[in-house]
Amino acid sequence: MNDYSAALQAKREQLLAQGVLMMDPAAVYVEEEVTVGAGTLLLPGTILRGKTVIGKNCCIGPQAMITDSTVEDGCTVNASQCEESVLRTDCQIGPYTHIRPHCVVGEGSKIGAFVQLKNCNLGRGTKMAHLTYVGDSDVGEDCNFGCGTVTVNYDGSTKFRTTIGDNAFIGCNTNLVAPVKVGDGAYTAAGSTITNDVPPDSLAIARSMQMVKKQWAAKRRKGRR
C-alpha cells in the first residue's frame, strides 16, 4: 500500500470510529482535512476534497464530489458536484447537479437534475427541479424555477447580476437577461425573454403572439400531389 492509499484508509477508519456510515468504505475517498458529522452516510463513489465540512445525518453519494465546501446537517447530495460553496440545512441536491464556486444554497432548497449554479445566493426553500442555469444571481425565499430557465448573465465582455425576490415564479423556458430584477411574488410566463424589471406581484409576458393558419398543412399536402 502506498502512502496515499494508506492515508485514505486511515481517514476512513477515523471517520467510522466517529460514527460516520459507509456502505462500502473502499469506494469512498476522503482527504485529510475533511470533517464529517456523525450519522452521515457516505455512499460508493463519494469523493470529499480540500477543507470540506459535512454536517450530521447527511447522505452523500453515490458518485458525488464535494470540494472545499460546507454541507450543513441533513443534506442529500446525489450524483452531483459542489465546489467552494455552502449548502444550508436540509438541502436536496441532484442527481446531476453542478454547483460551481461561490454559491450559497438556502435551507431546505431543492436543486435537481441538470441544474448548474454559479456565483449565486439562493434563499430558503427555493426549488429548481431540472434543466436550469442560474449564474451571478441573488434569489429570494420560496421561489420556483420552471425547467429551461436561464439567467443570461454574460454579454461577451462583462458579467451582470439577476435579482429575484421572495415567492417569485419563473415559468418554463424563461430567459432573464441581466441586469434585471423580478420583484417579490411576480410571475414570468413560460417561453418569455425578460429584458426589463418585473414589478412585485406582476405577470411578465414577453413572447410573440401565436398565429394559426387553418388548413395550411392540408393545402400544402394537396399541392404536393
Side-chain angles (χ1 to χ4, degrees), residues 50 52 65-72 75 77 80-88 91-209:
T52 289
M65 184 163 70
I66 302 175
T67 304
D68 290 321
S69 296
T70 298
V71 178
E72 295 184 350
C75 289
V77 181
S80 298
Q81 294 194 19
C82 180
E83 307 157 32
E84 301 175 31
S85 293
V86 177
L87 308 181
R88 298 297 185 196
C91 285
Q92 296 181 30
I93 308 298
Y96 316 123
T97 301
H98 187 187
I99 299 177
R100 293 167 58 191
H102 311 304
C103 291
V104 177
V105 180
E107 176 183 351
S109 292
K110 297 180 180 180
I111 312 299
F114 305 107
V115 174
Q116 185 178 104
L117 306 179
K118 190 270 289 186
N119 191 27
C120 61
N121 302 296
L122 308 185
R124 175 186 56 81
T126 285
K127 298 176 178 62
M128 302 177 192
H130 43 201
L131 298 167
T132 293
Y133 169 70
V134 175
D136 300 303
S137 298
D138 299 298
V139 179
E141 298 182 353
D142 296 313
C143 294
N144 188 89
F145 286 69
C147 66
T149 297
V150 175
T151 56
V152 186
N153 57 326
Y154 185 49
D155 68 357
S157 60
T158 306
K159 302 282 181 70
F160 298 95
R161 293 193 74 81
T162 296
T163 302
I164 298 172
D166 296 340
N167 300 299
F169 185 97
I170 309 301
C172 294
N173 293 315
T174 293
N175 295 308
L176 298 166
V177 182
V180 71
K181 295 182 180 180
V182 178
D184 293 348
Y187 278 59
T188 67
S192 293
T193 295
I194 304 299
T195 56
N196 297 311
D197 292 352
V198 182
D201 297 317
S202 301
L203 169 64
I205 305 171
R207 60 192 184 205
S208 59
M209 186 75 68

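Only heavy atoms go into these numbers, but all of them, side chains included; no hydrogens, no water, no symmetry mates.
Among all heavy-atom pairs drawn from Ile170 and Val182, the shortest one is CD1-CG1, 4.3 Å. Closest approach of Leu131 and Val115 over heavy atoms only: N-CG2, 3.9 Å.
Enclosure of atom NZ in Lys110 is not indicated, since only 12 or fewer non-hydrogen atoms of other residues, nucleotides or ligands lie within 6.0 angstrom. Other residues, nucleotides and ligands contribute more than 12 heavy atoms inside 6.0 Å of the CZ atom of Phe160. Residue Tyr187 places its OH atom among 12 or fewer non-hydrogen atoms of other residues, nucleotides or ligands, all under 6.0 Å distant.
Scanning for salt bridge (charged side-chain N to carboxylate O under 4.0 Å, His left out) contacts around Asp166 gives an empty result, with sequence neighbours left out. For Asn119, the side chain to side chain contact (heavy atoms under 4.5 Å, CB included) partners at least two apart in sequence or on another chain are His102, Asp136, Arg161.
For Thr70 (side chain) and Val86 (main-chain N/O), no donor-acceptor pair under 3.5 Å exists by modelled atom type. Remark: the backbone N or O of Ala190 is paired with a side-chain donor or acceptor of Arg207 at under 3.5 angstrom. Without hydrogens or angle criteria, Ser137 side chain to Gly135 main chain gives a donor-acceptor distance under 3.5 Å. Between the side chain of Thr149 and the main chain of Val134, no donor-acceptor pair closer than 3.5 Å is present. Panel note: side chain Thr126, backbone Ser109; no donor-acceptor pair is recorded below 3.5 Å.
Among residues at least two apart or in separate chains, side chain to side chain donor-acceptor pair (under 3.5 Å) pairs with a member in residues 188-205 are Thr174-Thr188, Asn175-Thr193.
For Arg124 and Glu141, the salt-bridge test passes: some basic side-chain N is under 4.0 Å from an acidic carboxylate O.
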